[in-house]
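See structure below.
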Amino acid sequence: MTGKYDFVSIEEKWQRHWAESRMYYIDEDDPRPKFYDLCMYPYPSGDLHMGHVRNYTLGDVLCRYKTMRGFAVLSPMGWDSFGLPAENAAIKTGIHPATYSRERIESMKSQIRRLGAVYDWRREVSSFDPAYYKWTQWLFLKFFESGLAYRDTAPVNWCPSCQTVLANEQVQGEDGVCERCGTAVTKRDLEQWFFAITRYAQQLIDDLEDLQWPERVKTMQLNWIGRSQGCEFDLEIPGSSEVIRVYTTRPDTVFGVTYAVLAPEHPLVGPLVAGTSAEADVARFVEEVRSATEVERLSTQRSLDKRGIDTGRTVVNPANGREIPLYIADYVLMTYGTGAIMAVPAHDERDFEFAKLHGLPIEVVIAAGGWSGENLEEAFTGPGTMVNSGEFDGLSSDEGKVAVTEWFESRGIGAAKTNFRLRDWLISRQRYWGCPIPIVYCDGCGTVPVPEADLPVLLPEEGVEFKPTGESPLADNEGFLSTHCPTCGGRARRETDTMDTFVDSSWYFLRYCDSQNQDEIFERAKVDHWMPVDQYIGGVEHAILHLLYARFFTKVIADMGLVGVREPFSRLFTQGMVRKDGQKMSKSLGNVATPTEYFVSHGADALRLYNLFVGPPSDDFDWNDRGVEGMLRFIQRLWRIANGEVAELVERDEDEADLEILREAHRTLEKFTADIEGFAYNTAAAAAMEFLNSLYQWAQRDQAPPRRATFEAIMSIFLPMLAPMIPHVTAEIWERLGFDGDVHSCPWPSVDPDLVRRDRVVMVVQVKGKVRDRIEVDSDISEDAMRDLALASEKVREELGGLEPTRVIARPPKLVNVVP
RNA sequence: GCGAGAGUGGCGGAAUUGGCAGACGCGCCGGCCUUAGGAGCCGGUGCCUUCGGGCGUGGGGGUUCGAAUCCCCCCUCUCGCACCA
């Protein structure tokens with residue numbers, strides 16, 4: 001074998017081979033056990049970045065490894081191709097989003113190919129393709145039929161820069177800013193489409209348990225859904241037939257309620273103050289709160305300046321019958337619970353703060369251990385014993401919660417209640433580049449779903465003004481807007497909002513199973529064959545957005561009887577971020593390392609290996625050019641020794657050194673395999689490097705030139721072992737050495753247990769925990785023999801200075817510790 | 001504030017049923033080869049040292065024959081959530 005390691009042409013050659021041989025195209029009738037390996041499909045920005053490289057390298061190593069292990073691996077790829085960047089580019093450059101997206105998809109696809117990642121490209125999906133979004137719309141109709149898609153007016157998050165509404169999940173950070181552009185989000189009352197994800201809140205919690213996901217992601221979802229258990233009950237209003245229903249998690253503190261609070265948006269605010277002296281002040285206060293941005297409203301929380309106003313009305317504490325004042329305050333949210341609370345200053349920090357500020361009474365009803373009737377310096381929020389609570393005195397908080405709830409139930413004024421922090425998913429977007437919502441509004445028939453036969457509702461490609469106006473650009477397109485009512489045939493207009501792109505990505509993994517199906521969303525048998533995804537790989541930034549929505553969709557689709565699984569992703573792996581100079585890579589910081597440069601300067605194999613070697617895949621890492629160079633060095637060392645440039649191979653009998661290097665090869669394989677199974681690619685690669693170093697020692701030793709048979713035996717396991725990580729160079733060497741077939745078609749090499757076993761090991765001799773000697777011993781040495789050897793050691797005798805050891809601890813065969 | 005995770009050489013990182021700290025790579029130092037070396041090969045590289053050894057895993061205590069690893073207190077950093085009653 002001769003020739004220079006020309007990685008550019010070698011990599012191109014094998015990439016062509018994988019494409020033409022279709023060896024990673026896979027079908028349901030494949031007799032091998034299935035493995036669904038999936039990377040989160042990318043937004044086609046046009047340029048592959050290092051985060052993609054990391055993601056797809058991890059996915060590709062797994063695909064190739066599992067294939068060698070005898071699985072039929074389904075590994076598809078596609079495009080999350082609706083969304084704002086394409087539309088923003090259109091606003092700037094005038095290029096149509098569809099044209100823009102198609103170009104970028106082609107560009108990214110070729111870059112992914114140059115990474116050496118292999119996919120079943122027949123299954124490619126693209127969310128902006130009508131053949132795909134037809135079925136997104138179809139799902140919307142199914143949701144609508146079952147009442148899971150509904151329209152409602154609600155105060156919603158509005159991004160003034162993107163000129164669209166946002167889901168709660170898309171409002172981030174302590175200031176409440178837009179996930180995309182970082183602009184402070186405001187509130188608006190708009191009629192919008194929602195998906196009723198809250199109906200699945202409990203299931204989304206329950207089914208989390210069995211998933212093999214990072215604990216941290218599970219915890220984030222659990223916190224986001226935010227289940228709490230408590231009690232709802234009515235407060236009577238003297239002089240009114242209305243009652244105010246409140247929610248609390250602390251019914252045990254109900255005797256300490258000294259006032260009640262309504263959210264400013266609460267529907268009873270107006271009626272209760274109408275015609276009273278407080279009416280004008282209350283109206284002014286409510287207006288002030290409502291016009292405030294989220295930032296302003298939150299900033300008042302910071303200072304704990306709880307803004308509120310007395311309504312002049314009262315309510316009755318149902319526990320003790322006392323009349324207490326009714327306030328309106330902006331620390332009570334209309335969107336949680338009932339939008340009204342009972343306030344217990346003694347046992348709630350916020351109520352305590354508010355009571356202090358407004359001079360309201362603070363009455364202790366839960367006694368902490370050691371409390372003897374003094375006033376509180378701060379709210380006591382822990383559990384304790386009920387006091388000043390009539391017949392309930394002496395009960396613990398836990399007992400009290402149950403007892404008070406039952407008491408309210410028996411009086412018909414309340415009941416136990418579970419609440420969730422999670423709110424329904426707002427999916428309307430006032431933008432063009434998204435999936436049209438298949439709904440028609442008819443003056444006579446109202447809100448009418450577009451019949452299935454009329455799908456897809458196509459996005460018009462002509463005559464659209466993209467400039468954001470706060471209304472969907474589709475509203476200006478007469479050809480799109482005006483239509484006929486599917487029910488009565490009369491004039492009607494279309495819904496002009498489009499769907500959140502997270503809707504598109506909530507089911508793409510199902511479509512991959514049967515992506516070319518023209519007649520139905522997918523064939524159930526095919527989906528049931530491949531699902532669930534056995535390994536899902538992607539960034540942790542999707543921990544609550546995409547991953548929660550996809551779980552919700554899967555459950556709904558299962559309830560429709562379309563699939564058998566209720567959870568889409570059995571195992572999840574979240575990779576760390578790639579940084580540079582301690583910061584996030586970004587164009588504005590000018591610290592972007594571009595993959596395409598490295599395909600030319602170091603090769604895809606070196607780039608892949610660097611990503612795998614640099615640290616645990618779940619950790620962030622800092623990009624370092626020197627590191628990639630080291631990987632190229634390793635690959636070139638492999639190339640040279642295989643190429644016969646290090647030493648010439650000879651035919652000769654096997655000696656002890658030959659046997660030893662073969663043993664080491666098997667030990668390396670054993671460790672490498674275990675590491676790869678545990679996603680510990682960094683230590684797997686390190687073991688391979690260590691072995692190559694030994695191989696160089698063996699090949700260059702003075703005693704004898706390298707033996708051909710040994711070398712070939714080693715390469716026949718070393719090359720397949722490395723094939724998933726550095727697929728091009730291993731394929732090329734395999735071919736050049738004249739081995740049979742393709743290295744990627746090899747079964748995973750097996751470890752020879754006889755070669756791995758060690759007969760002799762180095763025993764460490766410690767005195768008082770410090771290493772004093774090392775002695776080579778048989779690996780099946782007994783404790784007694786170890787003890788005798790240790791005590792006979794010169795070094796140990798010196799250290800003991802003639803004293804008898806008090807204790808000798810032997811841990812065969814590796815360690816013995818002598819205690820003087 | 002609440003929740004989760006992390007702190008190991010000049011750098012990235014190894015080592016977890018408690019058992020040789022620093023594998024592997026980068027960088028650095030030296031040697032060989034060479035007309036030359038920003039190539040390659042070989043060797044060295046935690047700190048201190050009177051060359052015997054001593055000290056070392058954010059800091060302080062503890063358990064243990066033995067602790068990077070387990071327990072307690074403290075410090076620092078990262079991520080997520082943040083009036084959810």
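The analysis underlying the following values was restricted to heavy atoms, covering all of them including side chains, and did not include hydrogens, waters or symmetry mates. All of these numbers come straight from a predicted model, not from anything done at the bench. In what follows, chains carry the letters A, B, and so on, assigned in the order in which the sequence lines appear, proteins first and then strands, with residues in each chain numbered from 1.
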Paired with [N] by Watson-Crick or G-U wobble geometry, both distances under 3.5 Å: which nucleotide is it?
N: B:A67; result: none
N: B:G40; result: B:C32
N: B:G5; result: B:C77

Problem set entry | B:G66: syn or anti, per glycosidic angle within 90° of 0 | anti
Problem set entry | Anti or syn - B:G52, cut at 90° from 0 | syn
Assign [X] to base, sugar-phosphate, or nothing according to its heavy-atom contacts below 4.0 angstrom with the strands shown.
X: A:Q636; result: nothing
X: A:R772; result: sugar-phosphate
X: A:K814; result: nothing
X: A:S228; result: sugar-phosphate
X: A:R216; result: sugar-phosphate
X: A:N693; result: sugar-phosphate
X: A:G630; result: sugar-phosphate
X: A:R421; result: base
X: A:E798; result: nothing
X: A:M342; result: nothing

Exercise. Where does the angle between the aromatic ring planes of A:F233 and A:F408 fall among parallel (under 30°), tilted (30 to 60°) and perpendicular (over 60°)?
Worked result: tilted
Whole-Å distance between [N] [atom2] and [X] [atom1]?
X: A:Q700; N: B:G40; atom1: CD; atom2: P; answer: 13 Å
X: A:R633; N: B:C26; atom1: CZ; atom2: C1'; answer: 8 Å
X: A:F634; N: B:C41; atom1: CZ; atom2: P; answer: 13 Å

Using a cutoff of under 3.5 Å, can you pull out all pairs of nitrogen or oxygen atoms linking the protein to nucleotides 46-49 of chain B, with atom names and distances?
none

Problem set entry | Ring centers of A:F672, A:F691 separated by less than 6.0 Å | no
Exercise. Where the side chain of A:R637 is defined as all heavy atoms beyond and including C-beta, which of B:C42, B:C24, B:A85 is the nearest nucleotide?
Worked result: B:C42
For this session: Sort out for me which residue in A:Y681, A:F634, A:W623 forms a ring-ring contact (aromatic ring centres under 6.0 Å, His included) with A:Y610.
Result: A:W623
Problem set entry | Span that lies between the C1' atom of B:A85 and that of B:A4, in whole angstrom | 24 Å
Problem set entry | Nearest-angstrom distance, C1' atom, B:C11 to B:G46 | 13 Å
Taking only side-chain nitrogens and oxygens of [X], does any of them come within less than 4.0 Å of OP1 or OP2 of [N]?
X: A:Q221; N: B:C81; answer: no
X: A:K417; N: B:A85; answer: no
X: A:R811; N: B:C65; answer: no
X: A:R640; N: B:A39; answer: no

For this session: Starting from the C-alpha separation in whole Å, work towards a yes-or-no answer on side-chain hydrogen bond (donor to acceptor under 3.5 Å, both in side chains) for A:R811 and A:N817.
Result: CA-CA 9 Å; A:R811 289 278 175 278; A:N817 189 13; over 6 Å; no
Problem set entry | 5' priority, RNA chain B, between A:D348 and A:V764 [closest heavy atom] | A:V764
Seminar exercise, completed: Heavy-atom nearest nucleotide on RNA chain B taken for A:N817 and for A:V646; more 5' hit belongs to A:V646
Exercise. Are A:L547 and A:L572 side-chain neighbours, meaning at least one heavy-atom pair lies under 4.5 Å?
Worked result: yes
Collect all protein-nucleotide pairs involving nucleotides 11-17 of chain B in which both atoms are nitrogen or oxygen and the distance is under 3.5 Å.
unit_1 : atom_1 : unit_2 : atom_2 : d
B:G12  : O2'    : A:V614 : O      : 3.0
B:A14  : OP1    : A:N682 : ND2    : 2.9

For this session: In sequence, state the C-alpha distance, the side-chain angles, and the governing distance for A:D424 and A:T198, and then conclude on side-chain hydrogen bond (donor to acceptor under 3.5 Å, both in side chains).
Result: CA-CA 6 Å; A:D424 278 345; A:T198 51; 2.6 Å; yes
Exercise. Between A:E288 and A:R307, is the closest basic N to carboxylate O distance under 4.0 Å?
Worked result: yes
